[in-house]
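Following: one structure in structure tokens, then a few remarks.
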Amino acid sequence: MNAARRSQLFIPTLKEAPADAQVASHRLLVRAGFVRQLGAGIYDYLPLAKRTLAKVEQIIREEMDAIGAQEFYLPALHPAEIWKESGRWEVMGDNMFRLKDRKGGDYCLGMTHEEIFTAIARDELRSYRQLPQVWYQIQTKFRDEPRPKSGLLRVRQFTMKDAYSFDVDAAGLDKSYEDQRVAYEKVFTRCGLRFVGVQAHSGAMGGSASQEFMVRTDAGEDDVAACPACSYAANTETARSKGPLAPVRSGERLDAPRRFPTPGVRTIDALAQPPHGRPGAMQLKSLIYVADEKPVVAVVRGDDDLNEAKLQTACGATMLRPAHPEEIRPLLGADAGSLGAVGFTGAPVFVDESLRGAAGMVTGANQDDFHLEGVDVDRDLLRHGKLADLRSVRAGEGCPRCGAALDLFKALEVGHIFKLGTKYSVSMKASVLKADGAETPIVMGSYGIGVERIMAAAIELHHDQDGIVWPLSIAPFQATVLTLGAEPALAQAAEQVVKELSAAGVEVLYDDRDERAGVKFKDADLLGIPIRIAVGKRGLAEGKAEWKLRRGKEVELVPLGAVAQKARALVDAETRRS
RNA sequence: CGGGGAGUGGCUCAGCCUGGUAGAGCACUUGGUUCGGGACCAAGGGGUCGCAGGUUCAAAUCCUGUCUCCCCGACCA
């Protein structure tokens, strides 16, 4: 039966949103009775949410199956040993939920499943003839996020579709990756999301190439640089730009850096003010980080921002954090605000590539209250330091491909695909024999989609003052029928319409409650069911019902007997597979 | 981990400064009047004031500790 009675369903709607809901999707999911919060970053999914999530999962399943991926279901509870094999028992740090069993053995809750799938591949795959394999599951992941926030957008327990490809060589991986990329585009499109695929930073996953699928919304936590003129789009963790980056020159070229007193000056800004008057573009900003427990120095222009992800890429570290003040002084002899990398060889030095050739620069002297002027980057820094892309791009800078002004915006990551290569197959010894009898590590890819994030992103994209406006493909119900009034004739007519809709395969929510019309309208708008059929006295006198789409304004009178077919046609048109 | 803010009935909040034994709106129950965009009247039910100590004749209120939740920052020297 495709019909449900509103009076029986558990849909606890709220007039007022909880005070702690900040973003639209959070507020509306709670108000419309889809979710409740159990703890920080932990949510109950109530029947309406379950229906929508099931639809998202089904769309994912269909697109995965269409490219030959095979569905698994693996444990969420993992013995520590398997994570120690890949080395990620340590790498994942505090982000991993860990627990012990009664014998004191170490376990964790899965954050992702590269290790588990790779173990199966290692144990079971022997020959190149068995490849390629593409495996996936839709499973719960646990991540002890430092700061859960924004409702369902950053949580500690969530559902992920994670897929893994196993190929004999790089060419095979290229194809598997491309299959996934195309499947992802279909999934997000079918879910009603406008998205952009962007070049991404691989982070703790490792591997060569990766692409993120981003939904543009201010509720997102990532920053994307995209070119309005060409197809270039990248997470700012990897985005580049060209010009206008020529460093300002001081005009005074010195044979060697010269120390000068700057009492009390601790910031770029202070040094830019009188009496010093050295604009940020003339300064070098030196930042101290700890990469895998070892200090590194990053140097960017005074008016630029260091991008931590880029620094992480540059030094190849798996963990990166800013150094504590008490780590800085013993290393450089001064506190933050007076630091510089001129002649400093106590730790690796990375210099932003935009600084190549810059001269007449000012930087800290590694002595409190003193700076150096006349610094020549090539001469004074690059003999011991390495050039790297470290700075964050800014809006308006030139697209690295075509030069047009880059657009910068907030975005929410709903999917991420990686070319892992052999990182896991080597560490976990997953290999097959090739045709020539040689053993070769399996070449892997890994592909994730956040199921709840799709639901939340759809709401961020599709809502108005009154509530959610679901895309038909993932709405918990496709149509809702309202009776306006208590007359038995209305209920009779409504039930007939419900029956016909149901018979036509349309999922319908029948609001049979003894409520005033206003309450039903408000509730229907809040829930966001795409098709609203209202049966009231006025229309019924002519044998008609009112047809209105949640996304539109027009109300149309439709003969009772024609409602089901009209709905069927719309559902067919909007949920068809691409 | 640092900095803010908040925990009072299911929800939104007041009361706290200036201690005297808990309130409003919404929601819920019953009756009545209403009935096309979150009705009205009347009568009800429901709260160890996050938790634990302490001060006091007396603590939601003052003090200490602790837990939880939300926001900002995780750097820009």
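Every chain is numbered from 1 and lettered A, B, ... according to where its sequence line falls, protein lines coming before strand lines. Atom set for the values below is all heavy atoms of this structure, side chains included, hydrogens, waters and symmetry mates excluded.
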So which protein nitrogen or oxygen atoms get under 3.5 Å of nucleotides 32-34 of chain B's nitrogens or oxygens?
unit_1: B:U34; atom_1: O2; unit_2: A:Arg516; atom_2: NH1; d: 2.7

Query raised in the report: In Watson-Crick or G-U wobble terms, both distances under 3.5 Å, what is the partner of B:G53?
Result: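 The base-pairing partner of B:G53, which may sit in any strand shown, is B:C63.
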Query raised in the report: For B:C13, which nucleotide is its Watson-Crick or G-U wobble mate, given both distances must be under 3.5 Å?
Result: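 Answer to the pairing question: B:G23, which forms a Watson-Crick or G-U pair with B:C13.
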Have a look at [X] and say if it touches a base, only the backbone sugar-phosphate, or nothing, with a 4.0 Å heavy-atom cut-off.
X        : result
A:Arg532 : base
A:Glu515 : nothing
A:Asp523 : base
A:Arg36  : nothing
A:Ala17  : sugar-phosphate
A:Ser150 : sugar-phosphate
A:Gly536 : base
A:Arg538 : base

Decide whether [X] and [Y] meet the rule of one side-chain donor and one side-chain acceptor closer than 3.5 Å.
X        : Y        : result
A:His371 : A:Thr262 : yes
A:Ser354 : A:Asp352 : yes
A:Gln496 : A:Glu500 : yes
A:Tyr289 : A:Gln312 : no

**Report entry** B:G10 base / A:Glu16 side chain donor-acceptor hit below 3.5 Å
**Finding:**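 A donor-acceptor contact between them is absent.
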**Report entry** Heavy-atom side-chain contact between A:Lys548 and A:Leu482 under 4.5 Å
**Finding:**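 A:Lys548 does not reach A:Leu482 side chain to side chain.
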Query raised in the report: Would a 4.5 Å heavy-atom cut-off, applied to side chains only, mark A:Asp305 and A:Val300 as touching?
Result: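 No, too far: nothing below the 4.5 Å cut-off.
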Query raised in the report: With sequence neighbours left out, which residue pairs that include part of residues 26-47 of chain A fulfil the ring pair (Phe, Tyr, Trp, His ring centres under 6.0 Å) condition?
Result: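 Listed by first then second residue: A:His26-A:Tyr43, A:Phe34-A:Trp470.
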In residues 511-521 of chain A, what donor-acceptor pairs under 3.5 Å come from side-chain atoms, sequence neighbours left out?
unit_1: A:Asp511; atom_1: OD1; unit_2: A:Arg513; atom_2: N; d: 3.3
unit_1: A:Asp511; atom_1: OD1; unit_2: A:Arg513; atom_2: NE; d: 2.9
unit_1: A:Asp511; atom_1: OD2; unit_2: A:Arg513; atom_2: NH2; d: 2.9
unit_1: A:Asp512; atom_1: OD1; unit_2: A:Arg6; atom_2: N; d: 3.4
unit_1: A:Asp512; atom_1: OD1; unit_2: A:Ser7; atom_2: N; d: 2.9
unit_1: A:Asp512; atom_1: OD1; unit_2: A:Ser7; atom_2: OG; d: 3.1
unit_1: A:Asp512; atom_1: OD2; unit_2: A:Arg5; atom_2: NH1; d: 3.3
unit_1: A:Asp512; atom_1: OD2; unit_2: A:Ser7; atom_2: OG; d: 2.7
unit_1: A:Arg513; atom_1: NH1; unit_2: A:Asp523; atom_2: OD2; d: 3.4
unit_1: A:Arg513; atom_1: NH2; unit_2: A:Asp523; atom_2: OD2; d: 3.2
unit_1: A:Lys520; atom_1: NZ; unit_2: A:Thr483; atom_2: O; d: 3.0
unit_1: A:Lys520; atom_1: NZ; unit_2: A:Thr483; atom_2: OG1; d: 2.9
unit_1: A:Lys520; atom_1: NZ; unit_2: A:Asp511; atom_2: O; d: 3.2
unit_1: A:Lys520; atom_1: NZ; unit_2: A:Arg513; atom_2: O; d: 2.8

Output one line per pair: protein atom, nucleotide atom from nucleotides 4-9 of chain B, and distance, for all N/O pairs under 3.5 Å.
none

[Y]/[X] salt bridge by N-O under 4.0 Å criterion:
X        : Y        : result
A:Lys100 : A:Asp106 : yes
A:Arg258 : A:Glu373 : yes
A:Arg356 : A:Asp378 : no

Query raised in the report: Under 4.0 Å: is that the gap between some side-chain N or O of A:Lys520 and OP1 or OP2 of B:G37?
Result: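 No, A:Lys520 has no side-chain N/O under 4.0 Å of OP1/OP2 on B:G37.
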Requested in this report: Could you say whether A:Val519 or A:Gln22 is positioned toward the 5' end of RNA chain B, judged by the nucleotide with the nearest heavy atom to each?
Outcome: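 Nearest-nucleotide comparison on RNA chain B picks A:Val519.
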Requested in this report: Determine the minimum heavy-atom distance between A:Arg240 and A:Leu406, stating which atoms define it.
Outcome: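 Smallest interatomic distance, heavy atoms only, reads O-CD1, 3.7 Å.
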Report summary line: Scoring nucleotides 72-77 of chain B by protein non-hydrogen atoms under 4.0 Å (B base, S sugar-phosphate only, - none) yields B-BBBB
Dump the pairs, protein N or O against N or O of nucleotides 44-46 of chain B, anything under 3.5 Å, distances to one decimal.
none

